[in-house]
Amino acid sequence: MMDTQRELCTFPLAPNHKLKLSAAGFQTIQDLKGIKPAELCKDTGLSLDDSEGVLNTVNVAEKMHWKSGGRCGLSALDMLHEEQSLPGIITFSERVDRMLGAGVPLCKVTELCGEPGVGKTQFCLQLAVGVQIPEVFGGLHGEAVYIDTEGSFITERLVDIIAATVRHCEHISQKEHNEEFVEHLKSLTVEHLLTGIHYHRCHDYIQLLAIVHLLPAFLKNHPKVKLVVIDSLAAPFQHDFEDFSLRTRILTSVAQNLVKMAAEFKISVVLTNKMTTKLNSSGGDSGAHLVPALGESWGHACTVRVILHWEGNQRMAWLYKSPSQTETTVPYQITTGGIRDIIMEERYQAENAEDETPVKQQKLS
Amino acid sequence: MLVLRVTHLDSFESILTLSNADISRITGLSLAEVQTLKTKVAENVVDITPITALDLHQGRGGDLMQIRKLSTGCAKLDEALRGGILSRGITEISGESASGKTQFCLQLALTVQLPQANGGLQGGVAYICTEDAFPSKRLHQMTQGFMKVHRQTLGSDYRPGDKIFIEHVADYDMLMTCVNQRLPLLLASTCVRLIIVDSVTAVFRGEYAGHELYKRSKHLSSLVTQLLALGSQHNIPVVCINQVSSSMNETGRQLIPALGLAWSNMIMTRIMLSRTNQTITLNDSGVDGRTEATIRQLEVIFAPHLTNVTVLYVIDRDGIKGIT
């Protein structure tokens with residue numbers, strides 16, 4: 001049954017080990033069957049530790065191979081099923097959720113770019129609350145890690161959003177008259193939702209690198225965490241950064257670590273970025289336009305990129321880059337309760353007038 | 001440790017910015033050893049365990065994590081601003097000339113001296129002037145009104161003027177010397193709890209030619225980096241005054257804060273002041289005996305803790321006051 005003909009050179013072994021194995025006549029798994037580390041050590045001239053390592057690697061790789069039913073890796077269909085079964089983190093704006101598929105996707109790095117005041121931080125706060133909604137209400141019942149590089153994490157504002165979220169869930173349970181809902185509502189308090197957010201204040205990029213380095217260990221100990229927010233990634237790299245190649249190198253390695261973490265722990269990573277002015281080299285009609293900061297190569301780092309911008313007095317979210325969804329633009333608004341859709345129906349507005357008072361919008365430079 | 005010294009990897013920075021493979025190649029340590037090294041370094045740079053938002057909200061995060069709020073000296077304005085100016089990031093006050101920007105800052109320079117229970121931070125202010133001479137006559141006038149109200153809390157021989165440290169600077173170099181050298185010394189030796197730059201525009205508007213925009217944004221970023229560092233080290237508010245420029249668009253003329261996106265990206269709160277066409281009659285408390293006062297408008301353009309709000313206010317002899 002076991003594929004005993006698999007060649008040893010296909011295993012993840014050090015080149016010099018492979019060389020010694022093949023020189024001593026070990027070609028396939030068959031040849032290593034039942035052999036002890038000490039024997040292998042004598043036959044190949046590898047050290048005892050190394051021999052043990054080689055046997056372990058081969059055994060582990062074989063077992064995994066066996067478990068997955070003899071297939072190497074996953075087929076595209078399996079991956080499709082897996083991706084479709086993964087829920088996203090809801091933003092409380094249905095249109096933004098639909099634009100992203102089903103909310104902000106897990107296992108992916110999502111970047112939010114935008115001018116100051118367009119709502120990047122508000123989106124982050126909203127998601128940090130949204131990720132904690134119990135499953136019965138359509139949430140993930142997770143927790144969030146919030147890395148704040150600017151000092152813009154204001155708990156008062158967070159309490160506003162949490163209060164609106166709790167009210168929202170109360171509405172649902174009142175409508176449904178479901179015992180299970182009532183049970184879950186008990187644990188859904190402002191204090192409880194505040195406890196579910198782990199906050200890091202970070203003052204410079206060295207601290208940011210340290211936090212990102214320590215994050216996997218934290219995530220291992222806190223399996224409930226489903227969201228990591230960095231607001232903003234741009235700030236530590238914007239001030240006084242002379243060496244641009246160093247910046248690109250650090251950013252790339254941060255991105256790699258985050259992409260790896262997102263996939264390994266099945267979490268969503270959300271970063272915010274600023275906009276910067278780019279002069280058209282051709283000197284075209286507009287002369288200059290806005291592009292996300294941190295440079296051209298950073299644009300490749302994130303899987304999903306959303307640009308938040310103003311259109312007149314209207315806030316818009318523009319899905320700029322996504323592997324699965326088409327490029328679209330949808331409007332949204334920021335209310336006292338957080339991110340919301342713009343709803344025209346009067347009936348709905350009257351129903352929610354209390355906590356959904358739209359806030360006046362203002363265009364910026 | 002010896003290996004690290006020999007290979008010049010002697011700062012936390014150099015270890016954290018290099019990839020594991022690079023460090024392994026330079027030092028000859030194994031990848032597992034490099035991983036342990038990096039973790040140890042990272043643990044030294046930051047607290048290992050984050051705090052929960054609940055602890056933060058209830059003030060259990062330590063003194064530096066605690067957000068302080070500086071009252072504007074007027075209950076109505078404080079209510080609109082949810083308590084006042086935050087000790088986080090930079091708060092920009094922008095507006096056309098004569099909209100009340102300096103008045104607003106003078107008032108903050110007084111209220112900061114109040115005890116925390118009264119909305120102040122119980123400290124002085126570093127006031128950096130880049131435009132005109134410091135309006136000491138007007139400050140004196142406001143001080144009298146201020147002391148009338150707060151004589152009980154501060155004591156009758158308290159002199160608010162003693163806690164206002166004024167520095168005049170004329171150009172970028174002087175400004176940087178001031179914030180890089182003089183300001184840290186002042187903050188270390190006296191109890192200064194507020195930094196005001198009036199205005200940041202004067203220094204950056206005139207001196208740079210059209211093709212020097214890159215240089216300007218670099219200089220702005222150096223200034224902001226230093227102000228932010230001082231603000232977060234001492235957990236005090238930093239207030240910068242900015243002028244406005246007008247921009248033409250489809251809807252007509254619109255006033256926008258000056259210095260462009262490079263500046264806007266670096267500030268946390270933007271408050272805009274403007275004048276309306278209406279006036280209101282005051283009961284003998286007008287500036288210089290005038291009884292008519294122009295109604296002005298304060299608008300929060302963006303702030304992390306507020307949704308956009310607008311309040312009306314007037315300026316009288318004692319300072320700024322919100323009206324309904």
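Computed over heavy atoms, backbone and side chain alike; hydrogens, waters and symmetry mates excluded. First the proteins, then the strands, lettered A, B, ... as listed; each starts at 1.
Heavy-atom distances place no part of B:A229 under 4.5 Å from chain A, backbone and side chain included. With a threshold of 4.5 angstrom between heavy atoms, A:S152 approaches chain B through its backbone and through its side chain. Contacts of A:V159 with chain B are made by side-chain atoms alone, with heavy-atom separations under 4.5 Å and no backbone atom involved. Looking at B:L86, only its side chain comes within 4.5 Å of chain A, counting heavy atoms on both sides. Using a 4.5 Å cut-off between heavy atoms, A:E143 does not touch chain B at all. The contact between A:L158 and chain B is made entirely by side chain atoms (from C-beta outward), counting heavy-atom distances below 4.5 Å. Neither the backbone nor the side chain of A:L193 comes within contact range of chain B, judged by heavy atoms closer than 4.5 Å. If you measure heavy-atom distances from A:H213 to chain B, the contacts under 4.5 Å come from the side chain alone. Interface residue B:T39: backbone and side-chain heavy atoms are both found under 4.5 Å from chain A. Contacts between A:H203 and chain B at a heavy-atom distance below 4.5 Å involve the side chain alone, from C-beta outward.
The distance from the CD atom of A:E115 to the OG atom of B:S264 is 8.5 Å, given to the nearest 0.5 Å. Of the inter-residue distances, the one linking A:D160 atom CG with B:T307 atom OG1 reads 7.5 Å to the nearest 0.5 angstrom. Atom NE2 of A:H198 and atom OG1 of B:T52 lie 8.0 Å apart (nearest 0.5 Å). Note that CZ of B:R88 and CZ of A:R201 are 5.5 Å apart. Values are rounded to the nearest 0.5 Å. Of the inter-residue distances, the one linking A:T189 atom OG1 with B:L54 atom CG reads 8.5 Å to the nearest 0.5 angstrom. Within the model, atoms CG of A:L209 and CZ of B:F12 stand 13.5 Å from one another, a figure rounded to the nearest 0.5 Å.
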Discussion item. What verdict does the side chain to side chain contact (heavy atoms under 4.5 Å, CB included) test give for A:R157 and B:L306, after you've listed the backbone C-alpha separation in whole Å, the side-chain angles of each residue and the deciding distance to 0.1 Å?
Written reply: CA-CA 7 Å; A:R157 182 74 190 109; B:L306 297 169; over 6 Å; no

Discussion item. Assess the residue pair B:M266 and A:E150 against the criterion (side chain to side chain contact (heavy atoms under 4.5 Å, CB included)); give the C-alpha distance rounded to whole Å, side-chain angles, the decisive distance to 0.1 Å, and a yes or no.
Written reply: CA-CA 9 Å; B:M266 295 187 284; A:E150 292 180 317; over 6 Å; no

Fill in: B:T17/A:Y205 under side chain to side chain contact (heavy atoms under 4.5 Å, CB included): CA gap, chis, key distance, verdict
CA-CA 9 Å; B:T17 51; A:Y205 77 94; 3.8 Å; yes

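Closest of all the heavy-atom pairs between B:A53 and A:F153 is CB-CZ, 4.1 Å. Closest approach of B:F302 to A:G117, counting heavy atoms only: CB-CA, 3.5 Å.
Other residues, nucleotides and ligands place more than 12 heavy atoms under 6.0 Å from the CD atom of B:Q116.
Below 4.5 Å, heavy atoms of chain B meet no heavy atom from residues 219-227 of chain A.
For chain A, the option among B:R82, B:Q58, B:E13 with the highest count of heavy-atom pairs below 4.5 Å is B:R82. Between chain A and the residues B:L228, B:L56, B:I67, the largest count of heavy-atom pairs under 4.5 Å involves B:L56. Per-residue counts of heavy-atom pairs under 4.5 Å with chain A were compared for B:N265, B:L16, B:V45; the largest is that of B:N265.
At least one side-chain heavy atom of B:L18 sits under 4.5 Å from a side-chain heavy atom of A:R249.
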